[in-house]
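All remarks here apply to the structure that follows.
Here is how names work: the chains are called A, B, and so on, in the same order as the sequence lines, proteins then strands, and each is numbered from 1.
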Amino acid sequence: MEPILDVQQLTMDFGGLRALDKVDLDVRQGEIVALIGPNGAGKTTFFNCITGIYNPTGGDVMISPPKNGAAQRINGLKPNRVTEKGLARTFQNIRLFQNMTVLENVMIGCHCRMKAGILGAVLRGISTRREEEAVVQKSYSILKKIGLDKHVNDFAKNLPYGAQRRLEIARAMATEPFMLLLDEPAAGMNPHETQELDELILRIRESEGISILLIEHDMKLVMSLSDRIFVMDYGKKIAQGTPAAISKNSDVIKAYLGEEIDA
Amino acid sequence: MLSLVDIHTYYGNIHALKGVSLEVKEGEIITLIGANGAGKTTTLMSISGIVPPRNGNVHFLGEAITRVNPNKIVSMGISQVPEGRRIFPYLSVLENLDMGAFLRNDQEGVKSDLDYVFSLFPILAERRNQAGGTLSGGEQQMLAISRALMARPRLLLLDEPSLGLAPLIVKQIFEIIKKINSENNTTIFLVEQNANLALKVAHRGYVMENGRITLSDAASSLLVNEEVKKAYLGI
Amino acid sequence: MEYFFELFLGGLTRGSIYALIALGYTMVYGIVQLINFAHGEIYMIGAFTALIVISVLTILGWNQIAILLIAAVVAVVYSSAYGYTMEKIAYKPLRQAPRLSALISAIGMSLFLQNYVLLAQTSDFMPFPGLIPDFEFMEPYAHIIGSPEVVILVTTTIVMVLLTFLIKFTKIGKAMRATAQDRDMAMLVGVDVNRVISVTFIIGSATAAIGGVLIASHIGQINFYIGFIAGIKAFVAAVLGGIGSIPGAVLGSLVLGWTESFFTGYISSDYEDVFAFVFLVLILIFRPAGILGRSTTEKV
Amino acid sequence: MGSLSPATMRIEKQTSMIANELKKSFQVCIWFMFLTFPIMVIRVNTVENIIEWRWANLFFVGIGSFVLSAVWRFLIRRKERGSQETVADGVDRVTLSQRLLADRRFTIPALITVGVGAVAFPFVFSIYQTNIMITALIYVLLGLGLNIVVGVAGLLDLGYAAFYCVGAYSYALLNYHFGLGFWTVLGIGAGLAALFGIILGFPVLRLRGDYLAIVTLGFGEIIRLIMENWNEFSFGPSGIANIPRPGFFGVDMNIEQATIYIYFLMIILSLFTIFVVNRLQNSRIGRAWIALREDEVACQAMGIDKRKTKLMAFALGATWAGFAGVVFAAKTTFINPASFTLWESINILCVVVLGGMGSIVGVIVGAFILILLPEYLRFLSEYRILAFGAILVVMMVFRPGGIVETVRRTYQYKETEHDVPHGRPAAQ
Amino acid sequence: ADTIKLGVAGPHSGDLASYGIPTIKAAELVVKEINAKGGVLGKQVELLVEDDVCKPEVATNTATKLVSEGVHVVLGHICSGATKAALGIYKDSSIPVMSPSATNPALTQSGDYPNFFRTIASDDAQARLEVDFALDVLKLKKIAVLHDKGDYGKGLAEFAKAFLEKDARAEVVFYEGITPGAVDYSAVVQKIKRSKAEAVIFGGYHPEASKIVSQMRKKRMDTVFISDDGVKDDTFIKVAQKYAEGVYATGPMDVSKNSMAIAANEAHQKTYAADPGAFYLNAYAAAIALLNAIEQAGSTDYAAVTNALRTKDVETPLGKIRFDDRGDAIGVGFSMYQVKDGAYVELK
Ligand SMILES: Nc1ncnc2c1ncn2[C@@H]1O[C@H](COP(=O)(O)OP(=O)(O)OP(=O)(O)O)[C@@H](O)[C@H]1O
Ligand SMILES: Nc1ncnc2c1ncn2[C@@H]1O[C@H](COP(=O)(O)OP(=O)(O)OP(=O)(O)O)[C@@H](O)[C@H]1O
Ligand SMILES: CC(C)C[C@H](N)C(=O)O
Ligand SMILES: [Mg+2]
Ligand SMILES: [Mg+2]
């Protein structure tokens with residue numbers, strides 16, 4: 001099967017520091033792929049380069065959205081263009097719109113799939129009104145799926161940490177992506193909550209057909225969720241493979257895991 | 001050493017702590033576990049005086065420290081590794097560590113402590129002149145812990161020190177916690193999501209729900225407590 | 001060529017005048033993230049206090065040098081006291097409030113202080129004695145640059161160096177930087193944030209007073225409104241240099257001074273300010289955080 | 001022990017507290033006497049070499065600061081206690097004003113009263129009152145426009161008066177040269193202002209916070225200075241006089257009638273503004289503005305085009321200043337660049353922040369207070385601006401969020417029966 | 001009580017307050033004196049003081065306020081711009097207005113404002129005098145014209161420039177505006193030096209003038225400095241001190257020998273323990289002229305009062321004055337002054 005995300009030789013320099021060094025990575029339709037590695041390995045930087053936050057120094061980022069399959073190069077695009085093309089992300093340090101309600105946060109996610117312009121907003125014709133209603137409804141049902149329907153009208157800043165992480169996912173889903181990039185979604189969650197997250201991610205893939213690329217340090221979650229795992233260290237890819245293979249890979253154990261773990 | 005008696009803390013209109021009482025004895029490692037939003041962070045912030053409790057009392061070494069300025073509290077020997085690391089983003093790693101020792105005057109001691117934390121986290125030594133804000137998440141966490149250690153506290157408050165760290169480092173961190181507790185006789189108050197690990201290093205533990213302490217026991221008993229297992233250990 | 005040199009020196013003088021005010025401005029901004037709109041008024045009050053002291057002592061028949069020193073000291077003390085009080089009244093209660101609220105409070109303060117001086121003293125311009133004597137050795141260059149200008153230049157440099165040293169290397173300076181970056185965390189490492197902020201205002205106001213005395217004696221006249229105009233220019237200069245940066249404030253001031261001087265000299269003073277602002281915009285387009293400001297890209 | 005009943009203990013505690021407060025106030029009083037000593041007490045006449053000692057002032061400062069400090073402490077204390085008490089009932093604190101605004105039983109009669117009052121106003125009150133009401137309404141327009149930029153989109157604009165200036169000069173010049181009428185220029189002026197909004201918007205797209213503020217400040221000054229210098233175009237600082245008031249089918253009106261006419265015109269224009277601005281804020285674009293204010297990076301990651309959204313905010317904000325400018329020129333019949341200084345921009349900014357950033361009702365209230373206040377403070381004569389400055393500080397200290405804080409809109413949604421394969425996640 | 005209401009409008013706060021406040025003082029003193037003598041037409045005179053901050057938009061409010069409070073005559077406004085904006089309102093309510101300071105020529109020359117009078121001459125008259133003096137008396141060839149970009153200063157400078165350009169004897173080598181309030185004018189001064197101008201004609205006020213003159217002299221330039229009544233102010237000499245020596249300035253004809261002027265200045269010294277400020281005597285004269293006109297007219301009727309202003313002479317600190325059809329004071333003209341030994345001396 002053709003990869004829907006194909007990253008080749010991605011390189012990123014910060015001054016003298018090479019944070020990414022010719023990294024290759026690919027994700028196929030419907031896959032859950034994990035990106036792991038020690039702290040400072042360059043995982044978040046990798047996300048930033050793919051989503052247009054940074055402009056990579058070198059390499060290619062290609063996507064082939066499943067709906068209109070033509071492959072296209074997306075490095076150098078503005079973040080909003082990347083999102084329009086169907087890649088949505090969450091942030092390692094939560095970045096919600098703190099002073100907006102939970103529902104509004106998700107509605108912002110819908111922004112790029114809406115059409116109403118200034119005139120539409122002022123005149124509020126039938127189509128605009130329909131669109132607004134539809135967006136409210138869509139946002140609500142996403143929240144319900146994610147289990148935040150109790151909090152629709154709360155301010156994002158007043159949510160507990162775990163709920164904020166889930167809201168980030170909800171917001172990203174609202175952009176109707178074909179692929180979600182999750183940066184440490186389980187950080188700050190207790191094992192019980194992590195378990196719920198595990199189920200949630202599986203459900204997103206199953207019911208929406210969204211592929212997932214995730215960064216995570218919780219090995220239990222990574223091992224149980226992912227189809228394939230990529231491992232980075234010092235900006236380089238040091239291994240890739242199935243969970244079972246990775247958990248036994250001696251390089252990975254040495255650099256990252258510290259011991260063999262059960263996949 | 002530290003005791004909280006029936007403290008109530010608010011964020012504007014949100015009643016975050018609804019009568020928390022707990023105690024930490026000299027030389028102990030105690031841990032506070034609880035779901036997201038239970039009020040663990042708030043408890044630490046109330047002790048440090050950043051979010052002073054509206055009612056109730058906090059005593060440290062026999063002195064009341066409720067509504068005392070945070071800098072006074074620090075000078076009495078309480079250091080905190082706050083949630084979210086809170087690295088000074090434009091200070092270099094070295095300067096961040098220096099800030100940790102802000103109230104100390106013994107140049108020699110500071111120097112040797114610096115070497116000590118660099119030995120704990122060699123990566124920090126490598127990045128010593130990089131601005132704190134550009135470190136990766138995990139590097140920042142190491143820096144936050146080191147910074148607190150630089151104050152040579154008598155009581156160290158740790159808020160989710162393992163957050164965002166690689167498994168290898170997490171293990172390391174917990175070892176360091178044990179080490180500073182036994183070697184330097186630093187008392188440790190540990191807040192953790194990773195309850196499993198926390199209860200393994202701690203002597204005693206408290207469980208917090210919705211701004212109240214609902215359970216307290218020896219850590220080993222909590223580890224086998226059915227409810228705790230179900231709710232926090234994910235087993 | 002000589003003309004060029006003259007304009008260069010003129011711009012330098014003008015720039016260092018801006019810098020004397022901009023230094024305090026940028027320092028307060030750097031630590032508290034507050035556009036202290038009333039900074040210009042502190043400068044004005046410094047000048048007024050000095051004038052009052054000078055006049056009283058002159059009438060009492062004191063000697064020139066003693067008057068100069070005493071006036072400067074009293075002005076520094078009073079400006080600092082005003083800065084300190086202003087912070088306690090108008091800014092401290094607003095620490096947790098939206099930043100714009102503090103800005104409006106500062107604007108209110110600025111209006112209040114202007115009119116306070118207007119009412120308590122007079123609305124007219126008052127002559128301010130030229131305290132700085134013409135040095136003998138400067139006479140050959142007098143057609144290009146005067147002694148007071150040289151004194152201002154030197155003072156600006158000294159103040160800049162002292163402030164940079166203070167912020168970079170002293171304990172209170174470190175505490176200031178920590179407070180600027182994360183106030184709660186600064187408290188958690190034992191910094192007395194209230195004190196740090198008070199000290200910041202006191203030092204910032206003291207530099208404003210020094211500016212007040214020197215600039216007023218250079219210009220030769222003051223009234224209640226001088227602070228506002230000077231404050232705006234200093235604000236522009238501070239931003240141009242990268243607000244919060246001490247050397248930036250000086251560099252920004254000099255660049256602004258030169259821009260104005262050369263534009264006036266070679267083109268026209270009609271559009272002097274227009275050009276200065278256009279230049280400002282151009283610089284900020286290429287360096288969105290000012291000449292010496294740190295880049296705003298944040299790590300996500 | 002037991003000899004002290006709790007009641008006496010309370011009283012004792014209170015008396016000691018009061019004594020303490022008085023001591024504090026006394027210290028403040030001494031401090032202020034020191035602080036104001038040179039400027040309030042001494043006045044020198046440098047020509048005649050006379051020193052005038054006004055010791056009485058010291059006394060007034062002393063008394064004044066003592067009383068004010070006591071009141072100030074009392075109010076601060078109450079403010080803190082106030083927030084404690086609302087907490088006790090556990091409900092989310094909604095301020096009285098917000099509650100009132102949300103309650104239809106209150107809003108409808110209130111709206112009717114305001115409506116009737118507004119219509120009757122010019123017939124009941126003097127032409128002076130009507131005149132200042134027009135000014136206040138002009139500021140409602142300006143405030144609502146700037147609110148889009150500052151309050152909603154979070155872009156600090158210190159040069160807003162520039163667009164106001166564009167509107168005013170559009171009318172004055174187009175009328176002077178081409179005889180265009182008020183109604184024609186109303187549209188053109190707004191359009192030109194919007195165009196300038198975009199022109200300003202481009203270079204500042206990359207700038208943030210205070211850098212943006214300074215560039216907009218510069219832009220405002222540039223426009224004013226051009227008007228001052230370019231005589232051939234704008235008649236320079238001496239301005240343009242005899243600008244016609246708006247016409248009404250060629251009817252000749254005396255000043256009183258004209259004032260009333262402009263008053264109603266402004267009422268209609270304000271209603272129109274409120275309508276449009278309200279709709280904008282509650283639309284896809286309005287949400288994007290707010291999101292932009294909250295977090296630019298996340299905003300872009302959610303697919304919002306930062307450039308386009310910012311430019312729209314600038315352009316739409318400027319449009320209202322354009323309208324206001326045209327009306328302003330028609331109302332004063334004389335304009336010169338001095339009306340569009342930085343202070344003007346600051347004044348409009350004060351309207352927005354004092355009223356409550358982002359809140360339409362707040363901005364309207366803010367405009368009325370800030371414009372009417374100096375007018376009604378006229379009895380204080382020279383102390384007017386002094387008092388005005390003090391009031392700004394006090395209002396901000398005691399209501400930092402503005403007079404009316406924004407309430408986020410809640411949306412109506414239908415419960416969906418979403419079939420979730422794995423059952424509802426067990427969120428507590 | 002039945003009183004004669006005299007409105008006083010001008011900038012009483014803000015950056016231009018110093019031009020407005022002396023007018024209040026003058027009005028207060030005049031009214032106090034007249035009231036002590038039994039008032040006007042047997043009624044006491046009441047002052048209604050209103051601030052206009054020199055802004056046209058505020059001036060319209062000020063004017064409507066005064067009108068709705070029923071003023072009979074208005075002393076003000078101070079700035080030409082504010083005056084222009086306010087005049088329409090007074091005109092519609094038939095109220096005579098007299099300004100001590102608004103010098104814009106159009107105010108009287110356009111014929112748009114029949115209710116307007118002033119106790120100061122207009123800018124073109126001053127410019128004429130300055131130019132004539134430079135050419136006829138000083139016989140200068142190269143002249144720099146400078147202004148402060150303000151309403152008044154630039155207006156004046158433009159007249160001066162136009163007059164010079166019409167005359168073949170001299171050329172304008174330099175014409176520019178400076179930024180008022182700037183901390184230093186060295187660049188402009190250097191430029192004047194380079195232009196080899198023999199004289200500078202400056203339109204504007206004394207704060208800028210003193211800075212420019214001082215800087216020129218400090219740079220050892222001896223360029224002649226000619227300016228206007230905005231500079232013919234003692235503050236200028238106090239501020240510029242030794243550098244003021246030799247500066248020419250036009251100003252209302254010398255009244256220092258006028259007994260009323262002396263008395264008025266003394267009254268100010270006595271009451272406020274300070275020197276009177278700008279336009280004080282003009283305001284003093286205007287207040288007297290207005291109240292006198294009412295007395296002469298026997299009522300506050302608009303036609304009668306304006307007629308009295310135009311036909312009846314009145315003794316004021318500026319001398320004996322009457323107003324012409326356009327509203328300019330007859331007999332109030334300008335003469336040229338020069339600073340000699342720290343004081344302005346009228347040149348004949
Ligand atoms: N904007 C930047 N400027 C300079 N260095 C940077 C910047 N962003 C990242 N780095 C550096 O790049 C390296 C990789 O950082 P990155 O955040 O990608 O790590 P990570 O793999 O996500 O680690 P973690 O698991 O701890 O989050 C780090 O050493 C970091 O210091
Ligand atoms: N700054 C704040 N403003 C308002 N409410 C807050 C604030 N900080 C925390 N809260 C609220 O207080 C309660 C307790 O929060 P706290 O951060 O102490 O929980 P926690 O136990 O540390 O949770 P976590 O595991 O997510 O860190 C929560 O309901 C939270 O929403
Ligand atoms: C006080 C000055 C501003 C008045 C000036 N002569 C004018 O006509 O405007
Ligand atoms: Mg990361
Ligand atoms: Mg927490």
Side-chain angles (χ1 to χ4, degrees), chain C residues 2-3 5-7 9-15 17-18 21 111 114-115 118-119 122-130 134 142-149 215 218-226 228-230 232-233 257-258 260-273 276, chain E residues 11-22 146-147 149 154 174-194 205-208 210-211 213-221 233-244 272 274-278:
Chain C
E2 179 176 325
Y3 185 58
F5 190 61
E6 285 167 353
L7 293 177
L9 281 179
L12 188 66
T13 313
R14 197 182 253 222
I17 289 176
Y18 292 154
I21 308 170
L111 283 173
Q114 271 175 33
N115 284 276
L118 162 70
L119 292 169
T122 155
S123 60
D124 292 330
F125 272 93
M126 296 175 140
F128 196 103
D134 282 328
H143 64 288
I144 324 181
I145 190 166
S147 308
E149 284 89 337
I215 298 167
H218 163 72
I219 297 179
Q221 56 186 334
I222 58 174
N223 82 343
F224 69 96
Y225 201 66
I226 54 166
F228 182 72
I229 299 171
I232 293 294
K233 273 288 160 74
W258 280 319
E260 292 177 349
S261 186
F262 285 122
F263 187 79
T264 301
Y266 287 114
I267 304 170
S268 156
S269 71
D270 283 342
Y271 289 96
E272 170 193 66
D273 276 359
Chain E
H12 304 148
S13 60
D15 53 340
L16 297 171
S18 56
Y19 297 113
I21 290 174
L146 210 60
H147 60 84
K149 297 184 191 167
K154 187 169 179 185
F174 180 84
Y175 177 75
E176 259 175 46
I178 55 157
T179 309
V183 291
D184 135 302
Y185 293 111
S186 62
V188 160
V189 167
Q190 299 289 6
K191 208 173 171 183
I192 294 173
K193 187 171 162 191
R194 203 164 74 142
Y205 297 103
H206 64 81
E208 281 69 40
S210 57
K211 285 185 223 174
V213 171
S214 309
Q215 290 211 331
M216 289 202 309
R217 301 293 180 254
K218 279 182 196 162
K219 292 203 191 315
R220 308 292 184 261
M221 289 161 64
D233 185 317
D234 287 339
T235 319
F236 172 75
I237 302 174
K238 280 190 265 171
V239 170
Q241 293 173 0
K242 62 177 180 202
Y243 303 121
Y272 303 106
D275 284 342

Gap separating the [atom1] atom of [X] from the [atom2] atom of [Y], nearest 0.5 angstrom:
X	Y	atom1	atom2	result
C:Y271	E:T179	OH	OG1	12.0 Å
C:D273	E:K149	CG	NZ	6.0 Å
C:S261	E:Y185	OG	OH	13.5 Å
C:D270	E:H147	CG	NE2	5.5 Å
C:E272	E:E176	CD	CD	9.5 Å

Minimum-distance pair of heavy atoms, taken over all atoms of [X] and [Y]:
X	Y	value
C:L118	E:A17	CD1-CB, 4.3 Å
E:S210	C:Q221	OG-NE2, 3.1 Å
E:V239	C:G220	CG1-O, 3.4 Å

Proximity breakdown for [X] and chain E, heavy-atom pairs closer than 4.5 Å:
X	result
C:Y3	side chain
C:I222	neither
C:F262	neither
C:F228	neither

query: Who passes side-chain contact (heavy atoms from CB on, under 4.5 Å) against C:E149, sequence neighbours left out?
result: C:T13, C:I145, C:H218
- prompt: Who pairs with E:P22 by side-chain contact (heavy atoms from CB on, under 4.5 Å), at least two apart in sequence or on another chain?
  reply: E:Y280
message: Tell me if a side-chain donor or acceptor on E:K191 pairs with a main-chain N or O of C:T264 at a distance below 3.5 Å.
response: yes
query: Is it true that atom OH of C:Y266 has more than 12 heavy atoms of other residues, nucleotides or ligands lying nearer than 6.0 Å?
result: yes
field: Worked verdict on C:M126 versus E:K238 for side chain to side chain contact (heavy atoms under 4.5 Å, CB included)
entry: CA-CA 8 Å; C:M126 296 175 140; E:K238 280 190 265 171; over 6 Å; no
query: Between C:S268, C:G11, C:A230, C:G10, which shows the greatest number of heavy-atom pairs under 4.5 Å with chain E?
result: C:S268
- prompt: Is E:R194 paired with C:E6 through a side-chain N to carboxylate O contact shorter than 4.0 Å?
  reply: no
Evaluation steps, side chain to side chain contact (heavy atoms under 4.5 Å, CB included), between C:R14 and E:S186: CA-CA 8 Å; C:R14 197 182 253 222; E:S186 62; 5.8 Å; no
task: Identify which part of E:S214 has an atom lying under 4.5 Å from any heavy atom of chain C, answering side chain, backbone, both or neither.
output: neither
field: Heavy-atom contact with chain C under 4.5 Å, split by part of E:K218
entry: both
- request: Tell me, out of E:V189, E:I21, E:V183, who's got the most heavy-atom pairs with chain C below 4.5 Å.
  value: E:V183
